[in-house]
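These notes are about the structure you will find just below.
Reminder, nothing fancy here: chain letters follow the sequence lines and each chain counts from 1. These numbers come from the heavy atoms of this one structure, side chains and all, not from hydrogens, waters or symmetry mates.
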There are 4 protein chains.
Amino acid sequence: MNGTRQQRRRGDTRQRIQDVALALFAEQGYEKTSLREIAESLDVTKAALYYHFKTKEEILVSIFQDLSRPLEDLIAWGRDQPHSLETKQEIIRGYSAALAGAAPLFRFMQENQATVRDLRIGNMFKSRMFDLRDILIDPEADMVDQVRCLTALFTLHAGMFVLRDLEGDPEEQRAAVLEVATDLVTQAHRGTAGA
Amino acid sequence: MNGTRQQRRRGDTRQRIQDVALALFAEQGYEKTSLREIAESLDVTKAALYYHFKTKEEILVSIFQDLSRPLEDLIAWGRDQPHSLETKQEIIRGYSAALAGAAPLFRFMQENQATVRDLRIGNMFKSRMFDLRDILIDPEADMVDQVRCLTALFTLHAGMFVLRDLEGDPEEQRAAVLEVATDLVTQAHRGTAGA
Amino acid sequence: MNGTRQQRRRGDTRQRIQDVALALFAEQGYEKTSLREIAESLDVTKAALYYHFKTKEEILVSIFQDLSRPLEDLIAWGRDQPHSLETKQEIIRGYSAALAGAAPLFRFMQENQATVRDLRIGNMFKSRMFDLRDILIDPEADMVDQVRCLTALFTLHAGMFVLRDLEGDPEEQRAAVLEVATDLVTQAHRGTAGA
Amino acid sequence: MNGTRQQRRRGDTRQRIQDVALALFAEQGYEKTSLREIAESLDVTKAALYYHFKTKEEILVSIFQDLSRPLEDLIAWGRDQPHSLETKQEIIRGYSAALAGAAPLFRFMQENQATVRDLRIGNMFKSRMFDLRDILIDPEADMVDQVRCLTALFTLHAGMFVLRDLEGDPEEQRAAVLEVATDLVTQAHRGTAGA
DNA sequence: CATGAATGAGTTTTCATTCAT
DNA sequence: AATGAATGAAAACTCATTCAT
């Protein structure tokens with residue numbers, strides 16, 4: 001007992017499934033990752049996956065729920081703040097941190113939109129984005145400033161997956177992306193506030 | 001003769017396959033669209049598809065090649081221009097038009113990145129984007145301004161698929177998106193030129 | 001007219017189909033050679049093949065009929081000869097020549113027995129072999145001598161396709177094979193005649 | 001429980017697949033035997049076959065590996081013996097026994113050479129034959145005696161599938177074939193030893 | 001003498017899922 | 001907490017063949 005083979009501290013399996021699944025989903029996409037592949041990576045049988053999760057989709061949902069917690073907290077916080085410039089800037093910073101903290105998940109969401117769209121997490125994610133939008137955007141702002149805010153959001157997203165292909169220091173890149181995004185919401189806020 | 005059922009103006013089939021395939025690919029994603037589905041939509045057999053295209057991927061490639069022609073022309077034009085602000089703004093305008101002119105295709109590219117990545121069009125598209133980047137970005141500009149240019153590009157992309165979910169006049173939206181993107185390259189250019 | 005493209009002296013096509021088909025059948029096997037492949041090798045369409053031959057099998061049958069003519073002549077000759085040793089030796093020589101004269105065909109027959117068995121040429125070939133056997137074998141000879149005669153036949157066959165993998169001068173090999181085969185019928189004849 | 005339908009002694013399926021597959025492969029050929037046919041013969045689904053074997057080819061490979069074991073043992077034995085006449089005769093006897101012990105498999109190999117050639121078992125079998133050749137053939141023997149040895153081998157092969165079409169007592173036939181083959185290696189050995 | 005367009009029936013293979021043990 | 005065995009549905013693709021032109 002406590003043998004070499006059984007190293008795996010028990011109770012661990014669920015977490016290990018999530019980890020491997022996310023890695024594969026992010027690397028290959030959801031549809032191209034089969035449960036067989038996940039099981040083999042873990043050296044368990046497919047049936048074992050079904051002991052821990054009801055369906056393939058459930059695995060993904062559970063990952064999303066676990067990893068998007070910080071984002072949810074951010075939104076909850078933002079909702080109670082005044083629509084001030086500081087709040088908006090803090091939201092941008094927070095979102096950037098949330099993305100960085102669960103990069104594989106968000107990269108997955110980016111790259112598998114068509115698939116994600118008709119999975120349960122599709123709506124979950126969409127509603128988070130709407131929440132962010134409602135915090136950032138002033139409904140009375142003109143269209144251009146509204147677009148600036150949305151653009152700020154997508155700048156952060158794109159920063160994750162596009163800049164990977166670019167030369168240059170990653171830390172410097174992240175900072176630059178954050179600056180551009182912050183700039184955009186600031187311009188948007190000024191435009192509206194000044195009018 | 002010339003019956004109702006046989007309406008099918010001959011020679012038409014290849015084009016009809018491309019049309020239906022693109023519509024389905026954009027709507028459901030590449031993997032979730034089966035050749036059976038495409039064939040049934042057209043009221044032909046699967047084998048007929050294989051008469052016109054060697055593989056499923058080939059259908060997609062042919063669509064991409066046909067529809068990305070304007071983008072290619074734009075790049076060819078841009079390569080020979082001076083790296084002036086006017087050129088950059090014209091590139092943004094042109095890219096916006098190219099996207100609008102083949103919206104379903106580019107929406108598809110956006111939403112199926114994980115899939116597209118290991119299809120032939122993955123590299124084709126990537127290299128187009130690199131070309132655009134090289135035209136827009138001044139290699140001596142600082143990181144922030146470089147990010148601004150890339151952001152301009154993605155603003156246009158995101159404009160296509162995100163704004164669909166937004167209320168408001170589509171034409172006004174498109175104009176706003178274009179303005180934000182133009183603004184970004186302008187700022188980037190000023191920053192660099194002024195330094 | 002008499003243009004560069006149409007070089008192909010007309011009327012030739014049927015023959016060209018047979019040639020290419022035999023080459024491919026021998027190289028890859030009957031089932032693994034598709035009509036598409038044959039057509040493409042000839043730079044014509046599949047439908048063109050159907051102008052010249054009713055079915056895939058028909059192509060093969062026509063090849064067999066054309067190329068097995070010498071064998072048929074040999075058998076016809078042998079049937080009218082006395083069952084002397086000279087006759088038997090001549091049959092062996094003749095069969096060797098027939099095989100050499102249509103090597104790809106007979107190699108094909110060797111290597112595709114399972115397939116050939118339920119094609120029309122299966123029975124055609126089988127009956128030729130029975131004819132040869134009846135000429136070579138004395139029904140009153142003992143089993144061992146009968147086997148010697150059959151072995152002589154198969155020695156020639158095997159000589160074609162096995163020796164290809166062997167080092168050594170091909171001509172010397174062919175001569176050696178012929179000598180062994182001749183030896184076998186001679187022994188068989190002596191055994192029977194001497195008894 | 002223990003119902004008539006569920007007879008299937010569990011754990012049995014893999015073996016049953018191999019048995020049925022070999023029977024069908026030998027009877028109809030590899031290409032003309034579909035997995036559907038095998039599955040239906042066993043009253044399981046196609047997918048069940050894939051639970052036990054990764055590909056169609058794997059089924060064949062596994063059969064070959066299981067059934068060619070005695071041949072491998074024979075070769076292993078032969079390699080360590082002196083190149084004496086007794087050794088050679090024993091090899092012939094042993095090969096005859098090996099063929100008889102797995103007649104359907106070797107018949108299959110005979111009749112599907114074109115197919116087998118580009119499957120993994122093609123090379124496996126070829127190398128076994130080369131091993132046998134190296135044991136039987138004296139490299140200093142003249143070509144004719146070398147051919148005699150090879151012919152001995154093919155006599156045994158041909159004995160299996162040709163004699164099926166012949167009248168006469170099968171046991172007597174087998175004995176006769178063995179005698180002819182033994183005779184051939186003996187002649188070959190004498191020729192070389194005497195020189 | 002040949003092509004362009006298409007079909008129907010089939011192939012091997014893969015997948016998410018189930019369930020008795 | 002997991003496995004071994006299996007399934008039903010579907011996928012992409014191939015092939016010999018047909019026929020109007």
Would you say Leu35(A) and Ile59(A) make side-chain contact, with heavy atoms under 4.5 Å? yes

Is there a side-chain contact between Leu22(A) and Gln18(A), using heavy atoms and a 4.5 Å cut-off? no

Hey, is the main chain of Gln28(B) close enough, under 3.5 Å, to the side chain of Thr33(B) for a donor-acceptor pair? no

Looking at Glu31(A), is its backbone amide N or carbonyl O close enough to the side chain of Lys32(B) to form a donor-acceptor pair, meaning the two atoms are under 3.5 Å apart? no

Just N and O in the side chain of [X]: are any of them under 4.0 Å from OP1 or OP2 of [N]?
| X | N | value |
| --- | --- | --- |
| Thr13(B) | dA6(E) | yes |
| Arg36(A) | dC15(E) | yes |
| Tyr51(B) | dA6(E) | no |
| Thr45(D) | dA6(F) | no |
| His52(D) | dG4(F) | no |

What's the [atom1]-[atom2] distance between [X] and [N], to the nearest Å?
| X | N | atom1 | atom2 | answer |
| --- | --- | --- | --- | --- |
| Tyr50(A) | dT21(E) | OH | C1' | 19 Å |
| Lys32(A) | dA11(F) | NZ | C1' | 15 Å |
| Ile38(C) | dC15(F) | CD1 | C1' | 12 Å |
| Gln15(B) | dG4(E) | CD | P | 19 Å |
| Tyr30(C) | dC15(F) | OH | P | 13 Å |
| Glu31(A) | dA16(E) | CD | P | 10 Å |

Pair of N/O donor and acceptor under 3.5 Å linking dT3(E) base with Lys46(C) side chain: no

Would you sketch DNA chain F in dot-bracket for me? Only Watson-Crick or G-U wobble pairs with both distances under 3.5 Å count, crossing pairs as [ ], other-strand pairs as |, the rest as dots. .||||||||||||||||||||

What orientation do Phe106(B) and Phe125(B) show, parallel under 30°, tilted 30 to 60°, or perpendicular over 60°? tilted

Taking the six-membered ring of Tyr50(A), is NZ or CZ of Lys56(A) closer than 6.0 Å to its centre and within 45° of its axis? no

Taking the nucleotide of DNA chain E with the closest heavy atom to each, which residue, Leu35(D) or Ala48(B), is nearer the 5' end? Ala48(B)

Glu111(D) and side chain to side chain donor-acceptor pair (under 3.5 Å): which single residue from Gln110(C), Arg117(C), Gln113(C) fits? Arg117(C)

